[in-house]
Amino acid sequence: MPSKTLHQRRATAQRGYGSKWQRARLIFLAQPGNQFCVKCQERGLLNPGTMHMDGSVETNPRRIGLVVDHIVPHRGDQRLFWDRSNWQPLCHDDHDIVKQREEHGREEQGNDITGRPTYADHPWNRRA
Ligand SMILES: [Zn+2]
(Lines give C-alpha, C1' and ligand atoms only; values in the text may rest on other atoms or scores of the structure.)
Protein backbone atom coordinates (compact mmCIF):
# COMPACT_ATOMS: atom_id res chain seq x y z
CA MET A 1 0.00 0.00 0.00
CA PRO A 2 1.47 3.42 -0.89
CA SER A 3 2.18 5.47 2.20
CA LYS A 4 0.83 8.98 2.33
CA THR A 5 2.82 11.93 3.58
CA LEU A 6 1.99 13.25 7.03
CA HIS A 7 0.53 16.35 5.39
CA GLN A 8 -1.84 14.29 3.25
CA ARG A 9 -2.86 12.15 6.21
CA ARG A 10 -3.60 15.22 8.29
CA ALA A 11 -5.62 16.89 5.53
CA THR A 12 -7.70 13.74 5.08
CA ALA A 13 -8.29 13.29 8.80
CA GLN A 14 -9.32 16.93 9.20
CA ARG A 15 -12.16 16.41 6.77
CA GLY A 16 -13.29 13.41 8.80
CA TYR A 17 -12.36 10.99 6.04
CA GLY A 18 -9.68 8.93 7.73
CA SER A 19 -8.74 5.31 7.08
CA LYS A 20 -11.69 4.09 9.17
CA TRP A 21 -14.01 5.92 6.77
CA GLN A 22 -12.16 4.62 3.69
CA ARG A 23 -12.64 1.05 4.94
CA ALA A 24 -16.27 1.62 5.88
CA ARG A 25 -17.16 3.17 2.52
CA LEU A 26 -15.63 0.26 0.59
CA ILE A 27 -17.63 -2.23 2.67
CA PHE A 28 -20.76 -0.14 2.13
CA LEU A 29 -20.27 0.03 -1.65
CA ALA A 30 -19.68 -3.74 -1.78
CA GLN A 31 -23.06 -4.48 -0.19
CA PRO A 32 -25.96 -5.60 -2.42
CA GLY A 33 -27.99 -2.66 -3.63
CA ASN A 34 -25.14 -0.21 -3.29
CA GLN A 35 -23.50 -0.90 -6.66
CA PHE A 36 -25.21 1.94 -8.51
CA CYS A 37 -25.72 5.69 -8.12
CA VAL A 38 -29.13 6.14 -6.46
CA LYS A 39 -29.89 9.38 -8.32
CA CYS A 40 -29.10 7.81 -11.70
CA GLN A 41 -31.30 4.84 -10.74
CA GLU A 42 -34.18 7.26 -10.15
CA ARG A 43 -33.73 8.29 -13.78
CA GLY A 44 -33.67 4.64 -14.88
CA LEU A 45 -29.91 4.47 -15.42
CA LEU A 46 -27.81 1.78 -13.75
CA ASN A 47 -24.58 3.69 -13.23
CA PRO A 48 -21.84 1.76 -11.41
CA GLY A 49 -19.70 4.88 -11.31
CA THR A 50 -18.31 4.53 -14.82
CA MET A 51 -20.84 6.84 -16.49
CA HIS A 52 -21.98 10.42 -16.32
CA MET A 53 -25.49 11.06 -15.06
CA ASP A 54 -26.66 11.29 -18.70
CA GLY A 55 -25.32 7.81 -19.46
CA SER A 56 -22.25 8.88 -21.45
CA VAL A 57 -18.99 7.18 -20.50
CA GLU A 58 -16.88 8.74 -17.74
CA THR A 59 -13.37 9.19 -19.08
CA ASN A 60 -11.76 11.08 -16.20
CA PRO A 61 -10.01 8.36 -14.13
CA ARG A 62 -10.23 10.57 -11.02
CA ARG A 63 -14.02 10.51 -11.26
CA ILE A 64 -14.59 6.82 -11.94
CA GLY A 65 -16.22 5.08 -8.98
CA LEU A 66 -19.04 5.86 -6.61
CA VAL A 67 -19.03 8.41 -3.82
CA VAL A 68 -20.66 7.58 -0.47
CA ASP A 69 -22.78 10.64 0.26
CA HIS A 70 -24.41 11.62 3.55
CA ILE A 71 -28.11 12.11 2.80
CA VAL A 72 -28.45 14.48 5.76
CA PRO A 73 -25.30 16.64 5.84
CA HIS A 74 -23.32 15.56 8.90
CA ARG A 75 -21.55 18.92 9.47
CA GLY A 76 -19.13 17.20 11.81
CA ASP A 77 -21.85 15.31 13.70
CA GLN A 78 -20.25 11.91 14.38
CA ARG A 79 -23.60 10.17 14.91
CA LEU A 80 -24.87 11.30 11.49
CA PHE A 81 -21.47 10.68 9.93
CA TRP A 82 -21.35 6.99 10.88
CA ASP A 83 -25.09 6.25 10.53
CA ARG A 84 -25.26 3.91 7.54
CA SER A 85 -28.94 4.60 7.00
CA ASN A 86 -27.75 8.14 6.19
CA TRP A 87 -25.39 6.93 3.45
CA GLN A 88 -26.11 6.64 -0.26
CA PRO A 89 -23.92 5.77 -3.26
CA LEU A 90 -23.70 8.58 -5.84
CA CYS A 91 -21.75 9.11 -9.06
CA HIS A 92 -19.45 12.12 -9.06
CA ASP A 93 -21.87 14.15 -11.19
CA ASP A 94 -24.76 13.66 -8.81
CA HIS A 95 -22.54 14.14 -5.78
CA ASP A 96 -21.45 17.54 -7.16
CA ILE A 97 -25.09 18.54 -7.61
CA VAL A 98 -25.95 17.52 -4.03
CA LYS A 99 -22.98 19.43 -2.64
CA GLN A 100 -23.83 22.57 -4.63
CA ARG A 101 -27.40 22.47 -3.38
CA GLU A 102 -26.19 22.14 0.21
CA GLU A 103 -23.80 25.06 -0.18
CA HIS A 104 -26.21 27.42 -1.92
CA GLY A 105 -29.56 26.29 -0.54
CA ARG A 106 -29.12 28.12 2.73
CA GLU A 107 -32.83 28.63 3.20
CA GLU A 108 -33.16 24.87 3.56
CA GLN A 109 -30.60 24.67 6.30
CA GLY A 110 -31.21 24.81 10.01
CA ASN A 111 -34.98 24.35 9.90
CA ASP A 112 -36.85 22.28 12.44
CA ILE A 113 -39.44 19.66 11.46
CA THR A 114 -42.15 22.33 10.92
CA GLY A 115 -39.85 24.27 8.60
CA ARG A 116 -39.21 26.99 11.13
CA PRO A 117 -35.61 28.23 11.00
CA THR A 118 -33.66 27.32 14.09
CA TYR A 119 -30.87 29.85 13.80
CA ALA A 120 -31.18 32.85 16.05
CA ASP A 121 -30.71 35.69 13.58
CA HIS A 122 -33.48 34.61 11.22
CA PRO A 123 -36.22 37.35 11.11
CA TRP A 124 -38.81 34.92 12.49
CA ASN A 125 -36.73 34.30 15.55
CA ARG A 126 -35.63 37.92 16.00
CA ARG A 127 -39.26 39.07 16.10
CA ALA A 128 -40.25 36.49 18.68
ZN1 LIG B 1 -25.57 9.55 -10.76
Side-chain angles (χ1 to χ4, degrees):
M1 203 148 84
S3 70
K4 288 177 172 179
T5 67
L6 183 61
H7 176 76
Q8 281 172 326
R9 263 208 309 269
R10 197 172 281 156
T12 307
Q14 272 169 4
R15 289 195 304 270
Y17 293 84
S19 61
K20 185 182 169 193
W21 166 250
Q22 295 304 335
R23 246 192 328 270
R25 66 177 283 283
L26 287 177
I27 292 166
F28 178 76
L29 289 174
Q31 283 169 351
N34 294 342
Q35 268 75 60
F36 304 107
C37 168
V38 294
K39 298 290 183 189
C40 285
Q41 267 186 282
E42 285 171 11
R43 300 183 202 99
L45 175 69
L46 291 180
N47 179 4
T50 55
M51 290 184 257
H52 291 289
M53 55 189 275
D54 63 3
S56 61
V57 176
E58 175 64 77
T59 54
N60 181 350
R62 290 173 55 89
R63 293 176 71 89
I64 289 175
L66 293 169
V67 178
V68 176
D69 178 56
H70 290 85
I71 299 165
V72 178
H74 59 84
R75 304 191 194 290
D77 182 327
Q78 291 295 302
R79 190 186 55 80
L80 270 179
F81 187 94
W82 293 109
D83 180 0
R84 284 174 199 222
S85 65
N86 191 34
W87 298 0
Q88 63 182 351
L90 291 181
C91 68
H92 284 272
D93 278 0
D94 280 308
H95 186 246
D96 287 352
I97 289 168
V98 167
K99 290 301 125 192
Q100 275 169 23
R101 203 169 53 220
E102 281 170 11
E103 278 160 27
H104 299 295
R106 292 193 172 275
E107 71 276 7
E108 289 175 10
Q109 291 176 13
N111 292 8
D112 66 18
I113 198 161
T114 66
R116 187 186 177 90
T118 52
Y119 51 97
D121 60 346
H122 188 278
W124 290 8
N125 292 332
R126 274 197 303 232
R127 230 177 17 237

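The structure displayed is predicted, hence computed values, not measured ones. All values below were derived from every heavy atom in this structure, side-chain atoms included, with hydrogens, water molecules and symmetry-related copies excluded. When a ligand or atom number is given, it counts from 1 through the structure's own listing order.
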note = The atom of Asp94 among N, O or S that is nearest the Zn ion (ligand 1) is OD2
query = Is the distance between the ring centroids of His74 and Trp21 under 6.0 Å?
reply = no
ask   = Can you tell me the angle formed at the Zn ion (ligand 1) by SG of Cys37 and SG of Cys40, to 10°?
value = 110°
task = Could you tell me whether a side-chain N or O of Asp93 sits under 3.5 Å from a main-chain N or O of His52, the two making a donor and an acceptor?
result = no
ask   = Is the Zn ion (ligand 1) under 2.8 Å from any N, O or S atom of Cys91?
value = yes
Charged N-O contact under 4.0 Å between Arg63 and Asp96 = yes
task = Taking the side chain as every heavy atom from C-beta outward, state whether Glu58 and Met51 have any pair of such atoms under 4.5 Å apart.
result = no
